[in-house]
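Structure first, then comments.
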Amino acid sequence: MLPTPFEFERASTIADAVSAVGQEGDGMFYSGGTELLLAMKMRVIHTERLVDIKGIPGLDRIVLNDANELEIGSRCTHKKIAGDSVIREHVPALASLCANVANVRVRSVGTIGGNLCFGEPHADPPTMLGALDARLVLQGPNGTRSVHADDFIRSELETVREPDELMMVIVFPRPTGPVTYRRFKHGERPSVNVGMAWSMEAGAHSIKSARVRVGALGSRPQPLKAVEGVLKGLPVHDAHRAIQSVLAEALDELDVNEDRHGSADYKRHLAGVLLLRNAEEAVAMRGRAK
Ligand SMILES: Cc1cc2nc3c(=O)[nH]c(=O)nc-3n(C[C@H](O)[C@H](O)[C@H](O)COP(=O)(O)OP(=O)(O)OC[C@H]3O[C@@H](n4cnc5c(N)ncnc54)[C@H](O)[C@@H]3O)c2cc1C
């Protein structure tokens, strides 16, 4: 099917793009188009105007800033993040996640900003970015604001972004401990995924704090609070056993949708398996770093 007719505009500045989309949201930002064009062709989405943001300079930068935070421009493709030397050095788990998103065609043009803004529950980056304590910087007609990755997705295919807010950049602290990610998938998109990031002092043998997010099983990634609690202050080598001791309780707290990816019990089981594999990897990584 063809999309319903629409206008097409190329923006060369952020201000132009924001004003072209319009406060009423009659236009939409167009980045890689991998989600948007499919949805328009299926006539699930209709827009009066597509505003192409590919020509706006500076939205595809990746840097470690002066505040020791990593900044990833919203226009970075999965392929670019997977191959970037800064990401590979400081967050190899994110590079590997991006290297395995979708297929080569989607990775080459699909962007991290487009992934987040679409709000698809069966996605990889939102889970990892929640674990990494990321904030997403949006610019609208009245200025910029930051939204924490945990608060960005409101429900399935719905985010807190206003239609005329452009996502500029994703920012998170440079990790100080192991960062791990596991997913399980039946088809192209993840059925369940788990991201974990430990914060640790240099040379320490204990975990200062941990962030654990489980994604794809509800409408948005969820924290595993019982696991985060038990890991806080714990010697690294006790982590696996400690997680096992609270796992059933932690998995019970998850809000799980039943869908074609499986039943709630099955998804909870997968989340537990993936979490324990993350923990094994994190312990091994810390062992190697000593
Ligand atoms: C076959 C297939 C398999 C896939 N498999 C996976 C997978 O395994 N894991 C996974 O995580 N994802 C997967 N995806 C999703 C893929 O990651 C996204 O399609 C891609 O990242 C979207 O980026 P885009 O630039 O093409 O977005 P677009 O399609 O251009 O835009 C998507 C939405 O975001 C908005 N938007 C885009 N950029 C911005 C911005 N900077 N600011 C504000 N709004 C913006 C658009 O208006 C639109 O609403 C898959 C997709 C396909 C088609």
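Atoms within each ligand, like the ligands themselves, are counted from 1 in listed order.
Close approach of ligand 1 to Ser31 is summarised as follows: ligand atoms under 4.0 Å from at least one heavy atom of the residue are 25 (O), 30 (O), 37 (C), 38 (N). Of all atoms in ligand 1, listed by their number and element, those nearer than 4.0 Å to a heavy atom of Ala123 are 10 (C), 11 (O). Interface of Gly32 with ligand 1, defined as ligand atoms under 4.0 Å from a residue heavy atom, comprises 24 (P), 25 (O), 26 (O), 30 (O). The contact set between ligand 1 and Arg161, taken as ligand atoms under 4.0 Å from a residue heavy atom, comprises 43 (C), 44 (N). Here is the list of ligand 1 atoms found below 4.0 Å of a heavy atom in Pro125: 11 (O). Contact atoms of ligand 1 toward Glu188: 1 (C), 3 (C), 5 (N), 7 (C), 8 (O) (distance under 4.0 Å to a heavy atom of the residue).
Using a 4.0 Å cut-off between heavy atoms, Leu37 makes no contact with ligand 1 at all. Heavy atoms of Ser74 found under 4.0 angstrom from ligand 1 belong exclusively to the side chain. Only the side chain of Arg183 comes within 4.0 Å of ligand 1, judged by heavy-atom distances.
Shortest non-hydrogen contact noted between Leu274 and Phe184 is CD1-N, 3.9 Å. Nearest heavy-atom pair, Met196 versus Ala282, reported as atom, atom and distance to 0.1 Å: CE-CB, 3.9 Å.
Here the heavy atom of the protein found nearest to atom 12 (N) of ligand 1 is Asn115 ND2, 3.3 Å. Here the heavy atom of the protein found nearest to atom 36 (N) of ligand 1 is Cys117 CB, 3.9 Å. In this structure, the protein non-hydrogen atom closest to atom 40 (C) of ligand 1 is Met167 N, 3.8 Å. The protein heavy-atom contact nearest to atom 37 (C) of ligand 1 is Gly114 CA, 3.5 Å. Atom 20 (C) of ligand 1 has as its closest protein heavy atom Thr34 OG1, 3.3 Å. For atom 48 (C) of ligand 1, the nearest protein heavy atom (residue, atom name, distance) is Leu36 CD1, 4.0 Å. Scanning the protein heavy atoms around atom 11 (O) of ligand 1, the nearest turns out to be Asp124 N, 2.8 Å. Protein heavy atom nearest atom 28 (P) of ligand 1, with residue, atom name and distance: Gly33 N, 3.5 Å.
Remark: Arg61 CZ is loosely packed, at most 12 non-hydrogen atoms of other residues, nucleotides or ligands lying under 6.0 Å away.
Ligand 1 has an N or O atom lying under 3.5 Å from an N or O atom of Ala102, backbone or side chain. The distance criterion of under 3.5 Å between nitrogen or oxygen atoms is not met by Asn103 with respect to ligand 1.
Leu94 CG to Met128 CE: the interatomic distance, rounded to the nearest 0.5 Å, is 7.0 Å. Taken to the nearest 0.5 Å, the CE atom of Met167 stands 7.0 Å off from the OG atom of Ser74.
In this structure, Glu165 counts as a contact residue of ligand 1, since one of its heavy atoms falls inside 4.0 Å of the ligand. Distances shorter than 4.0 angstrom do not occur between any heavy atom of Glu120 and any atom of ligand 1.
With hydrogens and angles ignored, the 3.5 Å screen pairs no side-chain donor or acceptor of Glu89 with any backbone N or O of Val86.
Counting heavy atoms from C-beta outward, Lys232 and Ile207 have side chains that stay 4.5 Å or more apart.
Defined by atom type and a distance below 3.5 Å, a donor-acceptor pair is present between the side-chain atoms of Arg174 and Asn68. Side-chain contact, Tyr181 with Asn278: no donor N or O sits under 3.5 Å from an acceptor N or O. In summary, the side chains of Ser31 and Arg75 do present a donor paired with an acceptor at a separation below 3.5 Å, with no hydrogens or angles considered. Counted by atom type alone, His148 and Asp133 present one or more donor-acceptor pairs between their side chains at under 3.5 Å.
For atom 25 (O) of ligand 1, the candidate residues are Leu157, Ile112, Thr111; the nearest heavy-atom contact is made by Thr111.
Asp259 has a carboxylate O that lies under 4.0 Å from a charged side-chain N of Lys267, or vice versa, which qualifies the two as a salt bridge. Salt bridge status for Arg107 with Glu188: absent, with no side-chain N to carboxylate O gap under 4.0 Å.
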